[in-house]
Amino acid sequence: MSVDDYSDNPFALNADDTAKLDAIEQALLDPSPRRIAGLDQWGLADTYEVYAEIAEYRALSIAMADGTMIDASLSVPRNLAPGQTCPAVLMPAPLNDYGHRAYLPMIPRWSLGGYAVLAYSQRGLAKSTGEIHVAGPQDVTDATEIVNALIEIEGIDPERIGCFGASYGAGTSLLAAANDPRIKAVVGTSAWTDLFASLYENGTRHLAAFEALVKLFKEERCSAEFKGVIQKIRGNIIDDEVRKFAGDRSPRNHLQAYNDSRVPILMTTAWHETIFSVPAVIDMFTELTGPKSLLVQIGDHGNAELPGLFGLVSKPTEMAYRWMDHYLGGTAGDGALPQFGVRSEYMHNLLSDLRHADWESYALPKKRFHLADAAVGERDGQLTADKPQPGWTRSLKATGRDTEAVVAPKLIQTGLYERAGLPHSYKTADIDRGLAAIWTTAPLEQAMRVQGDLELRVTVTPRATDATIVAYLMDCDPATGKAHIITNAPFTVTNEEPGQATTVSFPLQPAHYVLRKGHQLQLIIDTHDQFYADANRAPSTVDLTSPQGAESYLDIPLSTLE
């Protein structure tokens, strides 16, 4: 695996999707028979013919107080009776070249439900002018000004305004709601809540995801403040300026505002999310005291809602329609009440649908597996539940090269394959044991479920001063030698002196995974993954140990499958 594996735009639309969005926009702006007939090739002509009868679409350019022009579009119901008002949904754009046009296929559904829709591209994004601030205070101010413009439109009910956003738009929506009490309900799909935790996990930079986002933002369009932060993160200068920049853009830092207003919040994320921190989303969900819902699905960032954004059916968008209907009084959904609490899928069953009142009742009790030395004649260590196992040492060569174990061969696309029932297969038997240490359970005597939070403890001794390790938990089928990833996490140790032993305990990403009878849990620890920046000096050596009194273990939320 090389740097080039993460160089492509993970959010790029294919030629057919691009053509479809263009054709939809043309038909919305000019609902003539010719334009609408052009949608026949996608089976959309009837949808937009009905839309043209019930609503009117127009492009807008909204001037901000500083002269920045925000590219937007407005859809409003036709033929409102005198004095009649309708609910409205504000839709800040996701991060892509299309900006707010990415939401075009959703507009007919909102309109059939009686909503007005104002979709817009944040400053610096797509066709909006100005510099990109990454959902900073200026973007929050812009959202307030756009709400001001929205409520001036005849027929808009100022007491029934909601905010829906995907990805970049999710963070913008959450931050706008913290600042503006006129926003009465929020949905954020593929949401972020703590930008710092998304950039910097366990002392380790999420460099591949960060560079992918910077590339999408287009660095030349970024503000001077953001450009400075970009260079600091690249240079591993994680100082107060970087922390403040991320903190100002973290919805979780506005918990008091959400809890005071009790604004209803629906958030969605994915088990193998590679862009934003899943634990941070779960933490904010847990700390909210108002009406709330959390959906966690198979795949990666943006995978699950993608069909819904294109006008089809997806759990995130169907939940969003119900959410807005319940709090704003529209009829875009199916008439069912929204789901509160935690709703989840498990790997790799796309049809699974579990419901829990909260994360506490969702997460299973942890079972401790001790990291033990290899049995006689075996090359890999054991994961054993009997007692602590002190006294062993495994030495890893830090070479700056990936092993077979990686977080994801491709950002976003690997998750799409997971959703299609085609998770990436790892040949863990082929991993160079000089580069990685592996511990494996005995074959499971019955099917088991991993569900909730995991924690690893291990003692790390770099021969240099600093070291990065990456831990992966795999589901291995001994009959085929193939493994699938359950979860992972990095950890970076920073010491003043070489050869210093440091015992570290850190969480792995939460997981929901069903293991078949006869499969084995397999823990892999190596020193490099292209997804993360690593602090290892190459070449050097990193020792993993299990000293008396600080024995190594892995806590897994595990139970038999009911």
Side-chain angles (χ1 to χ4, degrees), residues 106 109 164 166 170 185-191 264-273 276 278-279 281-282 284-286 288 291-327 332-365 414-423 446-454 475 484-487 509-516 557-562:
M106 294 184 71
R109 182 72 176 271
F164 172 96
V186 184
V187 176
T189 66
S190 292
I265 294 176
L266 164 62
M267 297 182 293
T268 79
T269 187
W271 293 121
H272 288 167
E273 165 80 43
F276 299 133
V278 178
V281 171
I282 293 168
M284 177 167 151
F285 167 79
T286 300
L288 289 169
K292 60 185 179 179
S293 185
L294 173 66
L295 172 65
V296 194
Q297 294 182 268
I298 297 167
D300 197 353
H301 184 86
N303 293 167
E305 65 265 33
L306 193 59
L309 297 183
F310 273 91
L312 303 175
V313 173
S314 72
K315 282 182 189 175
T317 51
E318 292 305 309
M319 289 177 69
Y321 296 130
R322 290 179 185 176
W323 197 255
M324 295 303 184
D325 287 353
H326 187 69
Y327 291 105
D334 58 8
L337 292 175
Q339 298 290 331
F340 297 94
V342 178
R343 185 178 183 185
S344 66
E345 299 169 351
Y346 62 80
M347 307 291 290
H348 295 97
N349 185 348
L350 196 61
L351 300 180
S352 57
D353 193 354
L354 284 78
R355 319 287 176 92
H356 292 80
D358 49 37
W359 188 258
E360 183 178 13
S361 61
Y362 171 82
L364 294 172
T414 299
L416 283 171
Y417 280 111
E418 284 183 338
R419 287 198 65 75
L422 299 169
Q446 52 192 313
M448 305 287 283
R449 183 190 299 277
V450 176
Q451 183 175 316
D453 309 290
L454 301 90
D475 162 24
H484 297 132
I485 192 167
I486 300 173
T487 184
Q509 298 293 316
H512 194 161
Y513 194 103
V514 169
L515 299 128
R516 294 181 180 179
L558 189 68
S559 75
T560 56
L561 186 62
E562 297 176 358

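All heavy atoms count here, side chains included; hydrogens, waters and symmetry mates do not.
Looking at Tyr362 and Leu354, their side chains never come closer than 4.5 Å, going by heavy atoms from C-beta outward. Between Gln446 and Leu561, the closest side-chain pair of non-hydrogen atoms is not below 4.5 Å. Side-chain contact between Thr269 and Met267: absent, with no pair of heavy atoms (C-beta onward) separated by less than 4.5 Å. The closest side-chain heavy-atom distance from Asp353 to Arg355 is below 4.5 Å.
Nearest heavy-atom pair across Asn303 and Gly415 is OD1-C, 2.9 Å. Of all heavy-atom pairs between Ala363 and Gly452, the closest is CB-CA, 4.0 Å. Closest heavy-atom contact between Phe340 and Pro291: CE2-CB, 4.1 Å. Across all their heavy atoms, Met106 and Gly308 have their closest contact at CG-O, 3.5 Å. Contact between Gly299 and Ala270 at its shortest, heavy atoms only, is O-CB, 3.2 Å.
Distance check: Lys315 NZ to Leu350 CG gives 7.0 Å after rounding to the nearest 0.5 Å. Annotation: the span from Tyr346 atom OH to Gln451 atom CD amounts to 10.5 Å, rounded to 0.5 Å. Summarising the geometry, atom CD belonging to Gln509 is positioned 10.0 Å from atom CG belonging to Leu454; distances are rounded to the nearest 0.5 Å. Separating the CD1 atom in Ile486 from the NE2 atom in His272 is a distance of 8.0 Å, to the nearest 0.5 Å. Within the model, atoms CG of Leu337 and CG of Asp325 stand 10.5 Å from one another, a figure rounded to the nearest 0.5 Å.
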Pair His512, Val296 - check side chain to side chain contact (heavy atoms under 4.5 Å, CB included), show working.
CA-CA 9 Å; His512 194 161; Val296 194; over 6 Å; no
Step by step, would you call Leu288 with Ile265 a side chain to side chain contact (heavy atoms under 4.5 Å, CB included)?
CA-CA 9 Å; Leu288 289 169; Ile265 294 176; 4.1 Å; yes
Stepwise side chain to side chain contact (heavy atoms under 4.5 Å, CB included) check, Leu558 with Leu515
CA-CA 10 Å; Leu558 189 68; Leu515 299 128; 4.2 Å; yes
Evaluate the side chain to side chain contact (heavy atoms under 4.5 Å, CB included) criterion for residues Glu418 and Trp271: first the C-alpha distance (whole Å), next the side-chain angles of each, then the deciding distance (0.1 Å), finally the verdict.
CA-CA 11 Å; Glu418 284 183 338; Trp271 293 121; over 6 Å; no
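The side chain to side chain contact (heavy atoms under 4.5 Å, CB included) test with Asp453 is passed by exactly one of Pro510, Pro279, Pro557: Pro510. When each of Met347, Glu273, Glu305, Arg419 is checked for a side chain to side chain contact (heavy atoms under 4.5 Å, CB included) with Gln297, only Arg419 meets the rule. Paired with Tyr513 under the rule side chain to side chain contact (heavy atoms under 4.5 Å, CB included), one option of Ile485, Ile298, Asp475, Thr487 passes, and it is Asp475.
Checked against side chain to side chain contact (heavy atoms under 4.5 Å, CB included), Ser293 has the following partners two or more places apart in sequence or in another chain: Leu266, Met319, Trp323. Checked against side-chain hydrogen bond (donor to acceptor under 3.5 Å, both in side chains), Asp300 has the following partners two or more places apart in sequence or in another chain: Thr274. Take Ala336 and apply the side chain to side chain contact (heavy atoms under 4.5 Å, CB included) test, not counting sequence neighbours, and it matches Arg322, Asp334.
Although no hydrogens or angles enter the test, the distance criterion places no donor-acceptor pair under 3.5 Å between the side chain of Ser314 and the main chain of Pro307. Proximity of a side-chain donor or acceptor of Thr268 to a complementary backbone N or O of Ser190 within less than 3.5 Å is detected. Side chain of Arg109 to main chain of Ala332: a donor-acceptor pair is present (N/O by atom type, distance under 3.5 Å, no hydrogens or angles).
Residue-environment remark: OH (Tyr417) stays at or below the threshold of 12 foreign heavy atoms within 6.0 Å.
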